There are 2 protein chains.
Amino acid sequence: MSRSYHHGALAEAMVDQALASVRGQGADQVSLRAIAQALDVSPSAAYNHFADKDDLLRAVGACGLAALDERMSRVLAAHLPDTPDAARARFSGLGRAYLAFAIDETHLFQLTFGPICEVKEIPPEGTGPYLKLMAALDDLDRWGLLKSGTRDGLDLIVWAATHGMATLLVEGAVPPEAAGVFIDSMARLITD
Amino acid sequence: MSRSYHHGALAEAMVDQALASVRGQGADQVSLRAIAQALDVSPSAAYNHFADKDDLLRAVGACGLAALDERMSRVLAAHLPDTPDAARARFSGLGRAYLAFAIDETHLFQLTFGPICEVKEIPPEGTGPYLKLMAALDDLDRWGLLKSGTRDGLDLIVWAATHGMATLLVEGAVPPEAAGVFIDSMARLITD
DNA sequence: TCCGGATATGAACAGTGTTCAGTCTAGCGT
DNA sequence: ACGCTAGACTGAACACTGTTCATATCCGGA
């Protein structure tokens, strides 16, 4: 065996290497040849595991989505109790986690939600982060914490606002400090 | 003169051609060489007018921002009167224009707000679209149409939500029909 | 009329993603 | 234990890409 990737480890190795490259220089600057070279493998070896360069990048994008999802899971685990206060903390915490991901994984965020990865549709069950955010919203509603008569359509608003704030942070259109302000304003706007 | 661009028209011609290419295939697929060829010009001619390929694309991105701004200006011109109803119409109309731009100029939107163009900062006065949206918000406030005590921080929320909804539409994460629902929900949420 | 500065050229360089004919080898069926 | 096949990998090639630079061309002002 030694340095021969004959036993199926190449696919994972390439994703890892590509992930590192994306983190460091952004998806546009990533070179398939460079990745192959870093792994001491011929460039064409990649095509046994990925149809495309974009196919490889999509795999990296999936890692990004998983990383975001894990951050949000950690937030939920930190506020388990079924109380109004915990429900509030979950909602704010999820939003903060989303924005924090955008701030310190800028390039990965851009790839994950960029043109290459094309998040399919909301159905069948939507992406993990989306579901978690909506569940937190349901919790707030269940405790009667939402301003009355605002529930319908709120999914879309909250999702759009959170995701939009993240992209504004990523684009540098807004400074990182604005993230906290945003979360507080949002909570103030929809709850009472 | 004939087909010789010797008299300074090359820069504009290249931007036009690049704009068309971006509209048709997206910024990633645009080739500087192809643009030059379409204009019967050597590839290196571009470097008398633009430092980079990215420099050219930035010029195209600026066109995109201008196009969005013009759509929004048209909306304002259609609802001039200084009445509460007109203020409401202006706010909703601006939002709708923003989303409409995202829907039928997908590729241009992606370039304009993508990594290449890097919207500088909000200051000195921010981009046109941002300013118009905030002015519409001020108008609503002036007429006392906003829910009491929600004004501070609302700029960020509305901006993020609108821009975020636009990117969700662009990414295909949400169907075009959702745009109307979004605008109505937003109006319902912040006004009474 | 001549000159100078902007403008366009053509060839070259270094790099890219992708294809394909051929090589190697790990592991299954007999 | 053997041969064989299916999968993994290579190396060279193709058709591109953005970018540079020495060279040639043209236009307007002195």
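Because only heavy atoms are used, hydrogens play no part in the values below, and waters and symmetry mates are left out as well, while side chains stay in. No experiment lies behind these values; they were computed from the predicted model shown.
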Rounded to the Å, how far apart are A:Gln25 CD and C:dT16 P? 11 Å

Could you tell me whether the side chain of B:Thr106 and the main chain of B:Ile103 form a donor-acceptor pair under 3.5 Å? yes

Rounded to whole angstrom units, what separation is found between the CG atom of B:Asp40 and the C1' atom of C:dT9? 13 Å

Is there, by distance only and without an angle test, a donor paired with an acceptor across the side chain of B:Ser44 and the base of C:dG10 below 3.5 Å? yes

Tell me whether the side-chain N or O atoms of B:Asn48 pair up with the base of C:dA6 as donor and acceptor below 3.5 Å, since no angle test is needed here. no

Without decimals, in angstroms, what is the distance between B:Ile35 CD1 and D:dG18 C1'? 12 Å

Rounded to whole Å, the OH-C1' distance (A:Tyr47 to C:dC20) equals 13 Å

If you only use heavy atoms from C-beta on, which nucleotide in D:dC9, C:dT18, D:dT17 is closest to the side chain of B:Ser31? D:dT17

How long is the line joining CD of A:Gln29 and C1' of C:dG17, in whole Å? 16 Å

Under 4.0 Å, counting only non-hydrogen atoms across every strand here, what does B:Ser42 touch: a base, just sugar-phosphate, or nothing? base

Do the side-chain N or O atoms of A:His49 get closer than 4.0 angstrom to the phosphate oxygens (OP1, OP2) of D:dC9? yes

Separation of A:Asp54 atom CG from C:dT16 atom P, in whole Å? 16 Å

Measure from the side-chain heavy atoms of A:Lys53 and tell me the nearest of C:dG10, C:dT18, C:dA8. C:dT18

For the side chain of A:Lys147 and the backbone of A:Leu189, is there at least one donor-acceptor N/O pair under 3.5 Å apart? yes

If you group Ile, Leu, Val, Met, Phe, Trp and Tyr by side-chain heavy-atom gaps below 4.5 Å, do B:Val170 and A:Ile116 land in one group? yes

Without decimals, in angstroms, what is the distance between B:Phe50 CZ and D:dG18 C1'? 15 Å

Donor-acceptor pair (no angle test) under 3.5 Å: A:Arg33 side chain, C:dG15 base: no

Quick check, are the ring centers of B:His163 and B:Phe109 under 6.0 angstrom apart? yes

Can any side-chain N or O of A:Arg96 pair as donor or acceptor with the backbone N or O of A:Ile183 at less than 3.5 Å? no

Can you tell me the distance, in whole Å, between the CG atom of A:Asp52 and the P atom of C:dT16? 17 Å

